[in-house]
Amino acid sequence: MNSNSEEKNQGNSRSLNFLESIIEEDIKNGKNKSRVHTRFPPEPNGYLHIGHAKSICLNFGLGEKYNGKTNLRFDDTNPTKEEDEYVHSIIEDVKWLGFDWEDRQYYASDYFGQLYEWAVKLIRKGKAYVEEQSAETISEQRGVPTRPGTESPYRNRPIEENLGLFERMRKGEFPDGSKVLRAKIDMASPNMHMRDPVMYRILHATHHRTGDDWCIYPMYDFAHGQSDYLEGITHSICTLEFEIHRPLYDWFLDNIIETEYRPRQIEFARLNLTYTVMSKRKLLELVKGNYVNGWDDPRMPTISGLRRRGYTPESIRNFADRIGVAKRDNTIDVGVLEFSVREHLNKIAPRVFAVLNPLKLIITNYPEGQVEELDIELNPEDETMGSRKVPFSREIYIERDDFMEDPPRKFFRLGPGREVRLKGAYFVKCENYKKDEAGNITEVYCTYDPETKSGSGSTRKVKGTLHWVSVDHAIDAEVRLYDRLFKTENPDTVDGEVDFKDNMNPDSLKTITGKIEPGIKGAKALDKFQFQRLGYFCVDPDTTEDKLVFNRTVPLRDSWAKKNK
RNA sequence: UGUCCUAUGGUGUAAAGGUAGCACAUCUGGUUUUGGUCCAGACGGUCUAGGUUCGAAUCCUUGUAGGACAACCA
């Protein structure tokens, strides 16, 4: 899986991203014995999304590239928000993306015992104290970024007293919120996180793994760096908003450990996508409010949503590689994601005929009752995929958009007197058509030219080629046509009182019934196809034995539609 | 009126003091039994002002702009 880095290093360029530069520098200097060990540390309080995929690809990618390792670690220090369901979904998603953490699946909760001992150690060193004021008071005393805070009256409590109180906190003698353990650092620091941050809080809550063993839980800042340390992590890669936490990350380690080895926190800019919201909170809101049908709704930017939509792990990994990584805020055009999935599906998806908006076409000079089994390639991009048989007969469906009563000259499809090729079959020429009282075209009448059968060597040319499905052989399927969930490029933008949900696209899902060639029978959930000339489609898990359901992953590029916009 | 981070085509991302390149998007043209794919080409960029240097996207200073930080969340 090193092909990407090899590609990058081709020629004489050594194009490294800033993370790789740092790592190579560290390796060169023999830092941490030149080891590289990363980790992906999700909190199990929601489903993973495409932004996490970037982080996963980064962390595991770096591990692979530098012959190191990557751990999966659940950052589960807050029992009130974390659930087992999320742990399972995260495991499934990371695996599906194609990464392997072997036996290195850890939990911050694995370290609760060690963390507790280290907290005691800091108390003994006079670097931590038990606070008894309310959260509100602590917050007030912390000050604001531009003004220093004031010291807590409990700040200089004797060590023995702190030890006793902390012990009793652990034993469950105090109610939630009545006390916290704070690090004694600097109430005047311009960095708010250094103003005696909370290390432990009392939470009489059942933890998804440790049950009721604990009623005090460490805060993120008191857990993350030490967890990294315990796992031998060398490069602890996280997003930009933790930049300001780094001094604290280092402070705890410096005051707890004596070894030369030390993990290093490095921050990168998180992914933003146009027409997409990416915060867990907002995604949760969409799910809970039934704006979408669950975390894996194909319109969601979650990994599970993308999977159900028909994205492949390869396409997501290529996407992550393509967008790069840096420290400046960025918004990627969602078109890049779509390009990535088309790129992969074009190579692997078998082609199939499906008519989504059917118009009946009758070939008047084709014998009634006759059926030809035509042999049609499965993928022009990959001959080894071979071909399939498609039945052809006197009455077929074509796409309504492929016929115009009064077409412009550049319209390469069917119209009165015009001739087109039916892909894999014959040329047909439109002789007539029928309309209902409302003026809708109901049937098109054509004649075919038997000399023009595909593969017969006929040299006649025609400009347009249409896909089609035999009326008698067509299989009905439910087809879910998805469009972007939001109609504005940046749904998060708060113009006045606008809620992000007000920016939702009311037409993000259209469900129709399509006519598909009979060979589609037996398709299994998540099987992917190109509906020729339309787009890439994927079998939805809602499919049953007698009802096929497809999701449109992404339409094909359509320069004709674009020109006519 | 604090600290920290960031600034390269429309959007991303390279160039480690020496030809500003690549991808997506956009536009042309070619091939094509998918108006797809593929191929070829075009358009378009170093935030400002100084300084160092033979030479600055890169180093220094200044300004400007954007972002982060004031949960007992992560």
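All chains are named by letter (A, B, ...) in the order of the sequence lines, taking the proteins before the strands, and each is independently numbered beginning at 1.
- Contact annotation: side chain of A/Arg413 to base of B/rG35, donor-acceptor pair present below 3.5 Å.
- Base orientation of B/rA71: syn, the glycosidic angle falling within 90° of 0.
- Side chain of A/Lys423, nearest nucleotide from B/rU8, B/rU1, B/rU34: B/rU34.
- When the ring-ring contact (aromatic ring centres under 6.0 Å, His included) test is applied to A/His193, the partners found at least two apart in sequence or on another chain are A/His245.
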Summary of protein contacts for nucleotides 65-74 of chain B, nucleotide by nucleotide, where a base hit scores B, a sugar-phosphate-only hit scores S (4.0 Å, heavy atoms): --SSBBSBSB
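- Judged as a salt bridge (Lys or Arg N to Asp or Glu O under 4.0 Å), and not counting sequence neighbours, A/Glu83 has no contacts.
- Contact annotation for A/Ser559: backbone-only contact, meaning every heavy-atom pair under 4.0 Å involves sugar-phosphate atoms and none involves a base.
- If you check B/rU53 for Watson-Crick or wobble pairing at under 3.5 angstrom, you find it has no partner at all.
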N/O contacts under 3.5 Å, protein versus nucleotides 23-25 of chain B?
{"residue": "B/rA23", "atom": "O2'", "partner": "A/Arg322", "partner atom": "NE", "Å": "3.3"}

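- Contact between the side-chain N/O atoms of A/Arg351 and the OP1/OP2 oxygens of B/rG36 is not found at any separation under 4.0 Å.
- Both distances falling under 3.5 Å, in either a Watson-Crick or a G-U wobble arrangement, occur for no nucleotide opposite B/rA14.
- Within the 4.0 Å cut-off from OP1 or OP2 of B/rG35, at least one side-chain nitrogen or oxygen of A/Arg533 is found.
- Remark: B/rU46 base-pairs with no nucleotide; criterion is Watson-Crick or G-U wobble with both hydrogen-bond distances under 3.5 Å.
- The residue A/Phe411 sits close to a base: some heavy atom pair falls under 4.0 Å.
- In this structure A/Lys31 satisfies the side chain to side chain contact (heavy atoms under 4.5 Å, CB included) test together with A/Asp26, A/Arg264, sequence neighbours excluded.
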Can you give each donor-acceptor pair under 3.5 Å made by side-chain atoms of residues 553-562 of chain A, sequence neighbours left out, with the distance rounded to 0.1 Å?
{"residue": "A/Thr553", "atom": "OG1", "partner": "A/Arg309", "partner atom": "O", "Å": "2.6"}
{"residue": "A/Asp558", "atom": "OD1", "partner": "A/Trp560", "partner atom": "N", "Å": "3.1"}
{"residue": "A/Asp558", "atom": "OD1", "partner": "A/Ala561", "partner atom": "N", "Å": "3.0"}

